[in-house]
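A quick note: this is a predicted structure, and the numbers were derived from the prediction, not measured. Both counts, for ligands and for their atoms, begin at 1 and track the order of listing. Computation of the quantities below employed the complete heavy-atom set of this structure, encompassing side-chain atoms and omitting hydrogens, waters and symmetry-equivalent molecules.
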Amino acid sequence: MAAFLSLVQLLFIGTLIVPAYTATEVCDWLLNAAESNFTISTSPTAYQANTTYLVTITDNRNASDSTNVTNYLLQAVSPQNASTGEWEVADKENCSGIDTAILNVTQQAANWTSSVSNISSVEIRAYIVFADRSAVFKTVTLSKATETTTLPSSTTPNSVSVVQSSSFFIAVIQLPLLLVTSKLLS
Ligand SMILES: *[C@@H]1O[C@H](CO)[C@@H](O)[C@H](O)[C@H]1NC(C)=O
Ligand SMILES: *[C@@H]1O[C@H](CO)[C@@H](O)[C@H](O)[C@H]1NC(C)=O
Ligand SMILES: *[C@@H]1O[C@H](CO)[C@@H](O)[C@H](O)[C@H]1NC(C)=O
Ligand SMILES: *[C@@H]1O[C@H](CO)[C@@H](O)[C@H](O)[C@H]1NC(C)=O
Ligand SMILES: *[C@@H]1O[C@H](CO)[C@@H](O)[C@H](O)[C@H]1NC(C)=O
Ligand SMILES: *[C@@H]1O[C@H](CO)[C@@H](O)[C@H](O)[C@H]1NC(C)=O
Ligand SMILES: *[C@@H]1O[C@H](CO)[C@@H](O)[C@H](O)[C@H]1NC(C)=O
Ligand SMILES: *[C@@H]1O[C@H](CO)[C@@H](O)[C@H](O)[C@H]1NC(C)=O
Ligand SMILES: *[C@@H]1O[C@H](CO)[C@@H](O)[C@H](O)[C@H]1NC(C)=O
C-alpha cells in the first residue's frame, strides 16, 4: 500500500514535468491491462510485407467514464510473438523486447510499416492508458489477403477459406471417380 501511495505521488509529481512517465512505467502499464471492446482500424486491412499501415484507435466508450485517457500504446507482433515492423512515432519503448509506440491522448493514430520478411499475419495490440494508470487492451490480427479477388468484398476471409477448402475437398473426391470412370471406359 505504501509503495502504491508513493507511486501515485511520484506520478502526480511526474505530471508537472515533461515527460510524465519513465520507460519502466510505460511497460508496467501493459502488465495489468484488461481486454476491452474498443475499435482498432487499419488501412489497408490485409497483411502485406513492406507496407505502411495507418492504425487508428477509436474509443467508443462513454466520455463520462470515471477515468480519463492519458496515452495510447501500440505494438505489432508476429505469430511467433516477436516484435515486427516499425512504428513511425516520436516516442517508443522496448517492453520485454517488443517495440511499443507511445501516443499521447491527442494522437489516436500512427503509421506502422510491416517488415520486408515473409510472415503470414501480424497481431496489432492497442492499449488505452487512463489517468489512474490502469489500462485496457484490444488486439486485431491482419492476415494475408486470399488471392481470390472475384468474390464480393463483403465476404470475410474465413468464408473465403471455407469456399476454397470445400472446392479442394470436391476435387479430392472427384479425382478417384474420374480415374474409375476412365478405367471403365477403356
Ligand atoms: C464489441 O462491440 C461491437 C460493436 O461496437 C459489438 O457488436 C460486439 O458485440 C461487442 N463485443 C463484445 C464482446 O462485447
Ligand atoms: C520496400 O518498399 C520501399 C518503398 O515502397 C521500396 O523502396 C523498397 O525497395 C522495398 N523493399 C523491399 C525489400 O522490397
Ligand atoms: C453509455 O451511456 C449510455 C447512456 O448514458 C448507456 O446506455 C450505455 O450503456 C453506456 N455505454 C457504456 C459502454 O458504458
Ligand atoms: C476528466 O477530464 C474532464 C475534462 O478535462 C474533467 O472535468 C474531469 O474531472 C476528469 N475526470 C477525472 C476522473 O480525471
Ligand atoms: C504468444 O503469446 C500468446 C499470449 O501471450 C500465447 O497464448 C501464445 O501461445 C504465444 N505464441 C507463441 C508462438 O509463443
Ligand atoms: C529490447 O530489449 C530486449 C531485452 O528485454 C533486448 O534483447 C533487445 O535487444 C532490445 N531491442 C532493442 C531494439 O533495443
Ligand atoms: C502530443 O504529441 C504531439 C506530437 O508529438 C505534440 O505535438 C503534442 O503537443 C502532444 N500533446 C500533449 C498534450 O502532450
Ligand atoms: C501517416 O503517413 C502519411 C503519409 O506519409 C501522413 O500523411 C500521415 O500524416 C501519417 N499519419 C500519422 C498519424 O502519423
Ligand atoms: C512466403 O511464404 C509462403 C508460405 O509460407 C510461400 O509460399 C512464399 O513463396 C513465400 N514468399 C517469399 C517471397 O518468400
Membership question, hydrophobic clusters at under 4.5 Å side-chain separation (ILVMFWY): are Ile124 and Phe38 in the same one? yes
Under 3.5 Å: N/O of Glu88 near N/O of ligand 8: no
Within-cut-off N or O pair, Asn94 and ligand 6, under 3.5 Å: yes
Side-chain H-bond candidate by donor/acceptor type, Tyr72 with Gln107, under 3.5 Å: no
Proximal protein residues to ligand 2, non-hydrogen atoms under 4.0 angstrom: Asn50, Val116
Using the ring of each side chain (for Trp, its six-membered ring), is Tyr53 parallel, tilted or perpendicular to Tyr47, with breaks at 30° and 60°? parallel
Quick one: does any side-chain atom of Ser43 pair with a main-chain N or O of Leu54 as donor and acceptor, under 3.5 Å? no
When every non-hydrogen atom of Val116 is compared with those of Ala49, the smallest separation belongs to O-CB, 3.9 Å
State, without any angle test, whether Arg125 and Thr100 hold a side-chain donor-acceptor pair at a distance under 3.5 Å. no
Is there a path of hydrophobic side-chain contacts, each under 4.5 Å between heavy atoms of I/L/V/M/F/W/Y residues, joining Ile57 to Val140? yes
Can you sort out which atoms of ligand 6 are near Gly97, meaning under 4.0 Å from one of its heavy atoms? 1 (C), 2 (O), 3 (C), 5 (O)
At less than 4.0 angstrom from any non-hydrogen atom of Ala109, what atoms of ligand 8 do you find? 13 (C)
ILVMFWY network linking Phe130 to Val105, side-chain heavy atoms under 4.5 angstrom: yes
